[in-house]
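The block underneath contains the structure these notes are about, expressed in structure tokens.
Note on naming: letters A, B, ... go to the chains in the order of the sequence lines (proteins, then strands), and numbering restarts at 1 for each one.
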Number of protein chains: 2
Amino acid sequence: MNRRDILPHACDLYLQGGIEAVSMRRLARDLGVTAPALYRHYASREEILLEVVSESYRLCAEHLSRALSGRTPAERFHLTGEGYLNFALRHPKFYEMMHAPAHTLGAAVFPADLMARMDGVGQFFNDRVRECIEAELLRPLGAQEISLTLWAHAHGLISIYLRGCLHMDEEAFRLVFHESNRRIMHGMVTPLYEATQKDLPQDTAAVA
Amino acid sequence: MNRRDILPHACDLYLQGGIEAVSMRRLARDLGVTAPALYRHYASREEILLEVVSESYRLCAEHLSRALSGRTPAERFHLTGEGYLNFALRHPKFYEMMHAPAHTLGAAVFPADLMARMDGVGQFFNDRVRECIEAELLRPLGAQEISLTLWAHAHGLISIYLRGCLHMDEEAFRLVFHESNRRIMHGMVTPLYEATQKDLPQDTAAVA
DNA sequence: CGACGTGAGTTAACATCATTAACAATGAAT
DNA sequence: ATTCATTGTTAATGATGTTAACTCACGTCG
């Protein structure tokens, strides 16, 4: 038995019952082994959970990479958004795991290899945006900057939906997602808006 | 001892060491009592954690409500965004708790009173946006729709920052936050963009 | 061939966890 | 004075992550 045999079972347990369902004893039982044996391959439960997170990023990157089949910057840009949305809707538990706070996994901070995977996903977005700026489909506001804005919006909307705050089914949400994207791409303000942006007040001081 | 005495200590424990630091024994010890005594006031640990979530929403609503001191729709709109950002940056652990998945707390689904608090926060955003549409500062794209878009973007950006993915300090992030808001308010596309939106390909089928 | 070390498993144990059952003390109301 | 609800207690159950000490199989080298 080695690491590669353990990870799939850990993912299964996580998909079935969430993080707390991934217990060393239960995992060992599914592998036909006793709990301390797992410590031959992983230093701790935390290390196993981090591997599940890493797997989530791998799966996400796999969905995104299919956007490279697009033949124009616009197509690849569009397919990137679709890939991200599809990943989130098809693998909601993995999507959730991607954004789990470190302490939820018992870790103080994310290890370097995980940070690298995170940066990789971000870099993919950056590259698709840069292409579109060069093709003059997007305004030259900085590829990283636009990319971050788009990622933040997509992630925020998806995570709100996955928490069940929006009372709608998946098909309805796909429409909402696309409509919301249209809004941020084209803007939401009238000419009157700009005039109000001078002399805005500061937020009052903290309360407690 | 009653519920009102327990909650602050539960919050303290959570702020110090995260959700898993809130243990019945530890909490009881801090209150000068033994663990089973807590069950006189709360049915379970889950119920206590949900109360901490509820407290997070209360604190958030408190920050938002200060936006009502603005004297114009534009001011109140701006202060709402500032209030949300300030709440997240001043109370990051509470902000995180607001968006904790239910199973993280050991709960299958959120209770109705919590859902009501969530809707209340959403409603506040809606109302501020509606005001701005009526004042013709925002385009008439639907108050709920715009509100959701703005909330999603703000939440996504903040949660990405709080996870430490952006390598910057709080001051730098405040700038990024405002710049990103400017981008979604004014749009990011060139006139060329629209022409590319016809005949976009579908994402290929699922992989696994 | 035998000695040795290494890798991978075992059992037993420890401390901690949430939760429950059974019981005690306190104080107010009839 | 008795009754009853409230609010604690101790003891126990079963689960958790993790460690220590041990066993067993296997490959390598003298």
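- For the pair Leu27(B) CG and dT19(C) C1', the computed distance is 15 Å after rounding to whole Å.
- As a whole-Å value, the separation of Leu38(B) CG from dT9(D) C1' is 13 Å.
- The nearest pair of heavy atoms linking Ala10(A) to Val22(A) is O-CG2, 3.9 Å.
- Residue Glu20(B) contributes atom CD, which lies 11 Å from atom P of dA18(C) at whole-angstrom precision.
- One can place OH of Tyr39(B) at 17 Å from P of dA22(C), the figure rounded to the nearest angstrom.
- Cation-pi geometry between Arg45(A) and Tyr42(A) is not met at under 6.0 angstrom from the ring centre and within 45 degrees of the axis.
- Taking atom CD on Glu47(A) and atom C1' on dT18(D), their separation rounds to 14 Å, with Å as the unit.
- For the pair Arg117(B) and Asp113(B), the salt-bridge criterion is not met [side-chain N within less than 4.0 Å of a carboxylate O].
- Salt bridge annotation for Glu82(B)-Arg66(B): absent, with no cationic side-chain nitrogen under 4.0 angstrom from a carboxylate oxygen.
- Residue Thr34(A) places no side-chain N or O under 4.0 Å from the OP1 or OP2 atom of dG9(C).
- Straight-line distance from the CD1 atom of Ile19(A) to the C1' atom of dT16(D): 16 Å, rounded to whole Å.
- Each of Ala35(A) and Arg45(B) was matched to the nucleotide of DNA chain C holding its nearest heavy atom; the match closer to the 5' end belongs to Ala35(A).
- Distances were taken from every side-chain heavy atom of Met24(B) (C-beta onward) to each of dG8(D), dA18(C), dG9(C); the shortest belongs to dA18(C).
- Taking atom OH on Tyr42(A) and atom P on dT19(D), their separation rounds to 17 Å, with Å as the unit.
- Distance from the side chain of Met1(B) is smallest for dG8(D) among the nucleotides dA21(D), dG8(D), dG17(D).
- Here the side chain of Arg40(A) is nearest to one of dT18(D), dT19(C), dC22(D), namely dC22(D).
- Interface remark: the Arg25(B) side chain does form a donor-acceptor pair with the dA18(C) base, using a distance-only criterion of under 3.5 Å.
- Atom P of nucleotide dT7(D) and atom CG of Asn2(B) are separated by 8 Å, given to the nearest angstrom.
- In terms of phosphate contacts, His41(B) brings a side-chain nitrogen or oxygen within less than 4.0 Å of OP1 or OP2 of dG8(D).
- Using a cut-off of 4.0 Å between Lys/Arg side-chain N and Asp/Glu carboxylate O, Arg76(B) and Glu131(B) are scored as salt-bridged.
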